[in-house]
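Data first, discussion second: the structure below is written as structure tokens.
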Amino acid sequence: MKITQLLLFLLSLLALLLFTRLWFGTGSFPEIWELESQIEQQTAANAEQLQRNKQLESDVDDLGKSNDAIEGHARSELGMVRKNETFYQIILREDKQNPLMSSPELTEDTTKNDE
């Protein structure tokens with residue numbers, strides 16, 4: 001075996017090892033593609049959370065500025081009914097089949113003011 005053939009064999013073996021690492025080792029293409037996919041998913045989740053945070057910040061600002069906003073939250077989340085006011089709850093047929101119905105949302109349309 002000549003020295004050039006030996007050198008060619010060693011270089012080929014080295015290239016094979018490097019390409020193997022490129023496809024299967026740490027920092028390989030499949031790993032990079034997976035990380036890029038995770039980055040895209042996290043970016044989407046961050047954008048969704050940012051929108052939710054803006055909505056919550058807006059709600060907090062409204063609660064600080066307006067008694068109507070506080071009353072609306074008390075009606076919808078806590079079931080507040082004013083004195084001399086009658087609460088009417090409308091149950092649709094679909095709701096009768098769902099025994100795990102959450103607390104009813106109160107709106108001004110579902111209340112009658114007897115003042």
Side-chain angles (χ1 to χ4, degrees):
M1 202 184 234
K2 294 183 183 178
I3 188 102
T4 56
Q5 289 177 337
L6 181 62
L7 201 56
L8 182 61
F9 177 75
L10 290 175
L11 287 175
S12 299
L13 185 62
L14 180 63
L16 181 65
L17 290 174
L18 290 175
F19 280 113
T20 303
R21 181 168 180 248
L22 183 67
W23 283 101
F24 299 108
T26 304
S28 64
F29 282 131
E31 186 176 340
I32 290 171
W33 296 331
E34 177 65 29
L35 290 174
E36 286 175 348
S37 172
Q38 289 177 3
I39 289 170
E40 288 176 8
Q41 291 173 355
Q42 189 63 49
T43 302
N46 289 349
E48 184 178 310
Q49 288 295 320
L50 181 64
Q51 181 63 32
R52 183 173 180 270
N53 288 347
K54 286 181 182 179
Q55 178 64 38
L56 289 173
E57 186 177 326
S58 173
D59 287 347
V60 168
D61 288 342
D62 288 345
L63 288 173
K65 294 177 184 175
S66 169
N67 287 337
D68 292 335
I70 295 171
E71 182 179 331
H73 277 281
R75 286 179 176 276
S76 67
E77 296 174 13
L78 302 175
M80 181 188 105
V81 179
R82 286 185 179 169
K83 186 177 180 181
N84 297 325
E85 190 174 59
T86 305
F87 170 72
Y88 295 98
Q89 181 178 8
I90 300 171
I91 300 175
L92 302 175
R93 291 180 205 196
E94 302 89 46
D95 292 343
K96 287 181 184 178
Q97 296 172 359
N98 185 2
L100 300 176
M101 187 172 70
S102 62
S103 62
E105 293 216 4
L106 300 176
T107 63
E108 292 185 28
D109 296 334
T110 60
T111 58
K112 178 182 174 188
N113 195 347
D114 292 334
E115 293 180 41

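- When all heavy atoms of E85 and R82 are compared, the closest pair comes out as OE1-N, 2.8 Å.
- Remark: T26 OG1 to R21 CZ distance equals 6.5 Å, nearest 0.5 Å.
- Between E48 and R52 there is no salt bridge, since none of the side-chain N atoms of the basic residue sits less than 4.0 Å from a carboxylate O of the acidic one.
- In this structure, L35 CG and Q42 CD are separated by 12.5 Å, a value rounded to the nearest 0.5 Å.
- The distance from the NE2 atom of H73 to the CD1 atom of I70 is 9.0 Å, given to the nearest 0.5 Å.
- Of the possible polar contacts, one joining the S12 side chain to the L8 backbone as a donor-acceptor pair under 3.5 Å is found.
- Although no hydrogens or angles enter the test, the distance criterion places a donor-acceptor pair under 3.5 Å between the side chain of E31 and the main chain of G27.
- Side-chain heavy atoms closer than 4.5 Å link hydrophobic residues (I, L, V, M, F, W, Y) into clusters, and following such links, even through other members, never connects L10 to F19.
- Atoms CG and CG, from L18 and L13 in turn, are 9.5 Å apart once rounded to the nearest 0.5 Å.
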Intermediate values then yes/no, side-chain contact (heavy atoms from CB on, under 4.5 Å), T43 and I39: CA-CA 6 Å; T43 302; I39 289 170; 4.0 Å; yes
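- Of the possible polar contacts, one joining the S76 side chain to the G72 backbone as a donor-acceptor pair under 3.5 Å is found.
- Residue-environment remark: CG (N46) exceeds the threshold of 12 foreign heavy atoms within 6.0 Å.
- To the nearest 0.5 Å, atom CG of residue L6 and atom CG of residue L11 are 9.5 Å apart.
- Although no hydrogens or angles enter the test, the distance criterion places no donor-acceptor pair under 3.5 Å between the side chain of S58 and the main chain of K54.
- Counted by atom type alone, N53 and Q49 present zero donor-acceptor pairs between their side chains at under 3.5 Å.
- To the nearest 0.5 angstrom, D59 atom CG is 6.5 Å from L63 atom CG.
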